Amino acid sequence: MPRLTVNGADLHYEEHGAGPEKIVFAHGLLWSGRMFDPQVAALRDRYRCVTFDFRGQGQSAVTRDGYDMDTLAEDAAALIRALGRAPCHFAGLSMGGFVGMRLAIRQPELLRSL
């Protein structure tokens with residue numbers, strides 16, 4: 001079970017595939033990266049696929065300070081950097097999509113597409 005500590009949060013993540021391009025998947029509120037299992041299965045032969053659980057959700061640790069959308073966007077950016085996956089395609093559903101929009105506006109160098 002891979003884990004990475006970013007911004008004081010212990011995040012669970014998984015990587016599948018080995019293609020030259022990367023896709024980072026960001027789940028919706030109270031879900032986990034597992035919601036993208038079918039997409040990862042379909043794309044892992046051509047892309048390196050990264051799923052992760054936002055702080056306090058899925059298999060990631062609950063933080064004492066809680067979180068807001070800006071915190072989650074900073075966590076996603078730190079995860080992308082720590083794993084060396086920039087620039088990446090970023091696919092987000094609901095809350096994950098809001099995080100992706102924040103990344104695109106504030107840190108566009110991390111993204112290839114949204």
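Bear in mind that the values here come from a model prediction, so they are computed numbers and not experimental data.
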Would you say [X] and [Y] are hydrophobically clustered, going by side-chain heavy atoms of ILVMFWY under 4.5 Å?
{"X": "Phe54", "Y": "Leu83", "answer": "yes"}
{"X": "Val99", "Y": "Leu30", "answer": "yes"}
{"X": "Tyr47", "Y": "Leu111", "answer": "no"}
{"X": "Tyr13", "Y": "Leu110", "answer": "yes"}

> Is the side chain of Arg3 donor-acceptor paired with the backbone N or O of Gln59 at a distance under 3.5 Å, no angle test?
Replying inline: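 Confirmed, Arg3 side chain pairs with Gln59 backbone.
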> Are any side-chain N or O atoms of Ser60 and backbone N or O atoms of Asp53, one a donor and one an acceptor, separated by less than 3.5 Å?
Replying inline: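 Pair found, side chain donor or acceptor close to backbone of Asp53.
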Roughly how far, to the nearest 0.5 Å, is [atom2] of [Y] from [atom1] of [X]?
{"X": "Met69", "Y": "Met101", "atom1": "CE", "atom2": "CE", "result": "7.5 Å"}
{"X": "Glu109", "Y": "Leu103", "atom1": "CD", "atom2": "CG", "result": "9.5 Å"}
{"X": "Thr51", "Y": "His12", "atom1": "OG1", "atom2": "NE2", "result": "6.0 Å"}
{"X": "Arg112", "Y": "Lys22", "atom1": "CZ", "atom2": "NZ", "result": "7.0 Å"}
{"X": "Asp37", "Y": "Glu14", "atom1": "CG", "atom2": "CD", "result": "7.0 Å"}
{"X": "Arg44", "Y": "Ile23", "atom1": "CZ", "atom2": "CD1", "result": "12.5 Å"}

Can you confirm whether [X] sits close enough to [Y] that some side-chain heavy atom of one is under 4.5 Å from a side-chain heavy atom of the other?
{"X": "Phe52", "Y": "Asp75", "answer": "no"}
{"X": "Leu93", "Y": "Met35", "answer": "yes"}
{"X": "Gln57", "Y": "Met95", "answer": "yes"}
{"X": "His89", "Y": "Val24", "answer": "no"}

> Looking at Ala18 and Arg48, what are the two nearest heavy atoms and their distance?
Replying inline: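 Where Ala18 meets Arg48 most closely, the heavy atoms are CA-NH2, 4.1 Å.
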> Between Phe90 and Gly100, what is the shortest heavy-atom contact and its length?
Replying inline: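 Closest pair (atom of Phe90, atom of Gly100, distance): CE2-CA, 3.4 Å.
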Listed by chain and number, what are the side chain to side chain contact (heavy atoms under 4.5 Å, CB included) partners of [X], not counting sequence neighbours?
{"X": "Thr63", "answer": "Ala9, Arg55"}
{"X": "Asp45", "answer": "none"}
{"X": "Ala78", "answer": "Val6, Asn7"}

>> Under a 3.5 Å cutoff, is there a donor and acceptor pairing between the side chains of Arg81 and Gln107?
In response: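 Yes, because at least one side-chain N or O of Arg81 sits under 3.5 Å from a partner of the opposite role on Gln107.
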> Going by distance alone, is a donor N or O of one side chain under 3.5 Å from an acceptor N or O of the other, for Ser32 and His27?
Replying inline: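 No - no donor-acceptor pair under 3.5 Å links their side chains.
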>> Are there over 12 heavy-atom neighbours, none belonging to Tyr67, within less than 6.0 Å of that residue's OH?
In response: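 Atom OH in Tyr67 is packed in, count exceeds 12.
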>> Walk me through whether Ile80 and Cys88 qualify under side-chain contact (heavy atoms from CB on, under 4.5 Å).
In response: CA-CA 8 Å; Ile80 291 166; Cys88 65; 3.9 Å; yes
Among residues at least two apart in sequence or on other chains, which ones pass side chain to side chain donor-acceptor pair (under 3.5 Å) with [X]?
{"X": "Arg46", "answer": "none"}
{"X": "Ser94", "answer": "none"}
{"X": "Thr71", "answer": "Asp68"}

>> Is there a side-chain contact (heavy atoms from CB on, under 4.5 Å) between Thr5 and Leu11? Walk through the geometry before answering.
In response: CA-CA 6 Å; Thr5 301; Leu11 303 183; over 6 Å; no
> Do Arg106 and Asp70 meet the salt-bridge criterion of a basic N to acidic O distance under 4.0 Å?
Replying inline: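 Answer for the salt bridge query: yes.
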>> Between Glu21 and Arg85, does any NZ, NE, NH1 or NH2 come within less than 4.0 Å of an OD or OE carboxylate oxygen?
In response: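 No, this pair does not count.
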> What do you reckon, are the aromatic ring centroids of Phe25 and Phe36 less than 6.0 Å apart?
Replying inline: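 Yes, ring centres under 6.0 Å apart.
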